[in-house]
Novice: 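Okay, here's the structure, questions in a sec.
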Amino acid sequence: MDDTHIPEQEALLRIPIATENIREELHFYRILKDHFKTYGKPTEDLDFIIKNLEDQLLKFEEGNPILPDQKMIQEAIEKHPYFKNPCDYPIRLLTILKYLKRKGINMNYADIDVYVDNLIQKMDGVRKVGRGLYIIKE
């Protein structure tokens with residue numbers, strides 16, 4: 001028997017895909033594909049997974065996505081220290097989004113910033129003073 005020919009072996013992995021955050025999964029597999037290319041590994045299986053994730057993302061964006069609970073987010077925003085004790089300086093939308101994420105509210109929605117922006121503008125006494133900047137009218 002010829003010792004110079006070693007049969008090629010494959011490693012099979014079963015990786016569950018988290019469908020609640022498709023964008024993050026897609027990003028992960030694209031980075032993984034780049035690493036596979038760097039080391040000369042075949043990427044056909046990763047291409048298949050990436051294509052399926054992209055298709056799922058398209059279906060999600062075409063349909064009517066489930067939006068987060070408006071009342072829950074608005075109550076959380078009202079508990080922010082700035083809204084409890086307003087000052088002369090405006091608060092940034094990014095600050096509010098980070099606060100909501102720290103409070104455990106899922107921020108993995110398409111255009112969540114636009115959604116939260118609309119909620120903030122609907123609040124009593126809040127005025128938009130710039131792009132992503134709000135101040136409470138006294």
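What you see is a predicted model; the values in this text were computed from it and never measured.
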Novice: Do the side chains of Leu94 and Ile96 join up, straight or via other hydrophobic residues, at under 4.5 Å, putting them in one cluster?
Specialist: no

Novice: Quick one: salt bridge (Lys or Arg N to Asp or Glu O under 4.0 Å) pairs with a partner in residues 89-103, sequence neighbours left out?
Specialist: none

Novice: Excluding sequence neighbours, so at least two apart, what forms side-chain contact (heavy atoms from CB on, under 4.5 Å) with Lys122?
Specialist: Gln70

Novice: Kindly write out the residues that satisfy ring-ring contact (aromatic ring centres under 6.0 Å, His included) with His27, not counting sequence neighbours, or none if the list is empty.
Specialist: none

Novice: List in chain and number order the residues that pass side-chain contact (heavy atoms from CB on, under 4.5 Å) with Val114, two or more places apart in sequence or in another chain; answer none if no residue qualifies.
Specialist: Asp111, Asn118

Novice: Do you know the tightest heavy-atom contact between Asp88 and Ile135?
Specialist: O-CD1, 3.2 Å

Novice: What distance separates Met107 CE from Ile112 CD1, expressed to the nearest 0.5 Å?
Specialist: 4.5 Å

Novice: What distance do Cys87 atom SG and Ile136 atom CD1 have between them, rounded to the nearest 0.5 Å?
Specialist: 9.0 Å

Novice: Could you tell me the separation between the CD1 atom of Ile120 and the OH atom of Tyr115, rounded to the nearest 0.5 Å?
Specialist: 12.0 Å

Novice: Give the cluster check for Val129 versus Met123: same hydrophobic cluster or not, with ILVMFWY residues linked at side-chain heavy-atom distances below 4.5 Å.
Specialist: yes

Novice: Quick one: which residue pairs count as a ring pair (Phe, Tyr, Trp, His ring centres under 6.0 Å) with a foot in residues 76-99, not counting sequence neighbours?
Specialist: His80-Tyr99

Novice: Test of understanding: with salt bridge (Lys or Arg N to Asp or Glu O under 4.0 Å), list the residues that count as partners of Lys79, not counting sequence neighbours.
Specialist: none

Novice: Going by the rule side-chain contact (heavy atoms from CB on, under 4.5 Å), which residues pair with Thr43 if we only count those two or more places apart in sequence or in a different chain?
Specialist: Lys33, Phe36, Lys37, Asp47

Novice: Could you tell me which residues satisfy side chain to side chain donor-acceptor pair (under 3.5 Å) with Gln121, sequence neighbours excluded, listed by chain and number?
Specialist: Asp117

Novice: To the nearest 0.5 Å, what is the distance between CG on Leu100 and CD1 on Ile105?
Specialist: 4.5 Å

Novice: What pairs with Lys41 under side chain to side chain donor-acceptor pair (under 3.5 Å), at least two apart in sequence or on another chain?
Specialist: none

Novice: From Leu53 CG over to Lys51 NZ, what is the distance, rounded to the nearest 0.5 angstrom?
Specialist: 11.0 Å

Novice: Would you give the length of the straight line joining atom CG of Leu119 to atom CD1 of Ile77, rounded to the nearest 0.5 angstrom?
Specialist: 5.5 Å

Novice: So, using side-chain contact (heavy atoms from CB on, under 4.5 Å) as the criterion, who are the partners of Asp45 when residues are at least two apart?
Specialist: none

Novice: Can you name the side chain to side chain donor-acceptor pair (under 3.5 Å) partners of Lys71, sequence neighbours left out?
Specialist: none

Novice: Looking at residues at least two apart in the chain, or sitting in another chain, which of them share a salt bridge (Lys or Arg N to Asp or Glu O under 4.0 Å) with Glu54?
Specialist: Arg30

